[in-house]
Amino acid sequence: MAQADYYAALGVGREAGPEELKQAYRRLAIQWHPDRNPGSRLAEERFKGIAEAYAVLSHPAKRRQYDLLGPAGFKSEYSREDIFQGFEPGDFFKLFGLTEARDTLARIFDESRPPASPPIPEEAAPRLSDFFAGFGQKTSPRDTRSPDLLIPLVVSFQEAALGGTKFVAYNTAAGAVKVPVAVPAGALTGQRLTVKGRGPARAGGQPGDLIVTLTVTPHPDFIRRGFDLLTALVLSAADLAAGCKPLVDTLGGPSLRLKVPPGTRPGATFKIPGYGLPRPEGGRGDLLVQIKTEFPQK
């Protein structure tokens, strides 16, 4: 099934700037807001599509990757949580007596889930609002330890790719507690890291675990392909015709010279071995360089 085009969803051209995107989103979101179209499944679907399109195109790094990968490729790389990560639609809906976009999206996505069998009690059912929430606690009735604590941690693409140590903090009656967290190389959004015994403790009880949920921010220049990295290199038509040796940036490493033979066509992909992501068994993936061209302005 073909994926929807985000530019078409907002009714803008591919060169649309931030203000044009914002105006198109506001106009369409108000038009298709479920509060103005009660009971209309079409309005709900259009509203979700408009919000999704704006969440991507208003974010420079996500937009760049969407333009590079195309609709189908982008949706294969990004989950709904990735798409809406950091999406702050604002409260302009209040000017029209409508609920905010975030509340409406939470309700729509929740209602669109098929019912579980057997039915889950309302207070236990997962909701999209849980996705927007930062953290919570979990505990088992058979566990005599203090409850585990869930904390979100946002890491950059490079930090997740190469690994390293980050810190999270939480408050207790005795003050703030700062805990180091080892982020493994190649970490992914949604991955959970457990730090044993470093959660808060009840009075007289043993501390629970600290469970850190990762969110990896997109990189403006690199896209992950397993252990390989994909990047785009823009060259002029003259350089492609004559051949050239441009510099290519690597992730956390030196820039490298890439030999581009004469007559190379846009879309060609070159592989630079060993400059991708670290593999668990040792070694690294490859850096894939996709050639694009710039057209002279008329």
Any heavy-atom pair between the side chains of [Y] and [X] that's under 4.5 Å?
{"X": "L21", "Y": "L10", "answer": "yes"}
{"X": "P200", "Y": "V177", "answer": "no"}
{"X": "Y170", "Y": "L210", "answer": "yes"}
{"X": "V216", "Y": "L188", "answer": "no"}
{"X": "Q290", "Y": "K292", "answer": "yes"}
{"X": "L256", "Y": "L258", "answer": "no"}
{"X": "N37", "Y": "R46", "answer": "no"}
{"X": "F157", "Y": "P218", "answer": "no"}

> Does the pair D209 and R198 meet the rule for a side-chain contact (heavy atoms from CB on, under 4.5 Å), with working shown?
Replying inline: CA-CA 5 Å; D209 296 337; R198 294 304 304 270; over 6 Å; no
Can you hop from [X] to [Y] via hydrophobic side chains spaced under 4.5 Å?
{"X": "V248", "Y": "I291", "result": "yes"}
{"X": "V154", "Y": "L214", "result": "no"}
{"X": "V155", "Y": "L162", "result": "no"}

>> Run the side-chain contact (heavy atoms from CB on, under 4.5 Å) test on E159 and K166 for me, step by step, so that the C-alpha distance in whole Å, both residues' side-chain angles and the decisive distance to 0.1 Å come before the verdict.
In response: CA-CA 9 Å; E159 290 169 334; K166 298 285 288 183; 3.1 Å; yes
So, does [X] use its side chain to make a donor-acceptor pair with the main chain of [Y] at under 3.5 Å?
{"X": "R192", "Y": "V212", "answer": "no"}
{"X": "K62", "Y": "I83", "answer": "yes"}
{"X": "R284", "Y": "G276", "answer": "yes"}
{"X": "R224", "Y": "G186", "answer": "yes"}
{"X": "D148", "Y": "P207", "answer": "no"}
{"X": "D5", "Y": "Y7", "answer": "yes"}
{"X": "E45", "Y": "L42", "answer": "no"}
{"X": "D286", "Y": "D228", "answer": "no"}
{"X": "S146", "Y": "Q206", "answer": "yes"}
{"X": "T194", "Y": "K196", "answer": "no"}

Residue pair [X] / [Y]: nearest heavy atoms and the distance that separates them:
{"X": "A169", "Y": "I151", "result": "O-CD1, 3.9 Å"}
{"X": "P60", "Y": "S58", "result": "CD-O, 3.6 Å"}
{"X": "I50", "Y": "A29", "result": "CG2-N, 4.2 Å"}

To the nearest 0.5 Å, what is the distance between [atom1] on [X] and [atom2] on [Y]?
{"X": "E20", "Y": "L57", "atom1": "CD", "atom2": "CG", "answer": "11.0 Å"}
{"X": "F222", "Y": "L277", "atom1": "CZ", "atom2": "CG", "answer": "10.0 Å"}
{"X": "T217", "Y": "Q158", "atom1": "OG1", "atom2": "CD", "answer": "10.5 Å"}
{"X": "Q191", "Y": "L193", "atom1": "CD", "atom2": "CG", "answer": "5.5 Å"}
{"X": "L149", "Y": "I211", "atom1": "CG", "atom2": "CD1", "answer": "8.5 Å"}
{"X": "L68", "Y": "L230", "atom1": "CG", "atom2": "CG", "answer": "5.5 Å"}

> Of the options L229, L251, T231, which is the one that meets H219 in a side chain to side chain contact (heavy atoms under 4.5 Å, CB included)?
Replying inline: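 With H219 as partner, L229, L251, T231 yield a single side chain to side chain contact (heavy atoms under 4.5 Å, CB included), made by L251.
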> Restricting to pairs with a member in residues 250-278, which pass side chain to side chain donor-acceptor pair (under 3.5 Å), not counting sequence neighbours?
Replying inline: D249-S255
> So, are R14 and D67 salt-bridged, with charged N and O less than 4.0 Å apart?
Replying inline: yes
>> One pair to check against side-chain contact (heavy atoms from CB on, under 4.5 Å): V260 and L235. What are the steps and the verdict?
In response: CA-CA 10 Å; V260 179; L235 299 174; 4.1 Å; yes
> Can you list the steps and then say if F270 with L287 is a side-chain contact (heavy atoms from CB on, under 4.5 Å)?
Replying inline: CA-CA 8 Å; F270 294 88; L287 177 62; over 6 Å; no
> Using 30° and 60° as the class limits, which term best fits the ring planes of Y25 and Y54: parallel, tilted or perpendicular?
Replying inline: parallel
>> Parallel, tilted or perpendicular, judged at 30° and 60°: which one describes the rings of F47 and H33?
In response: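 It falls in the perpendicular class, over 60°.
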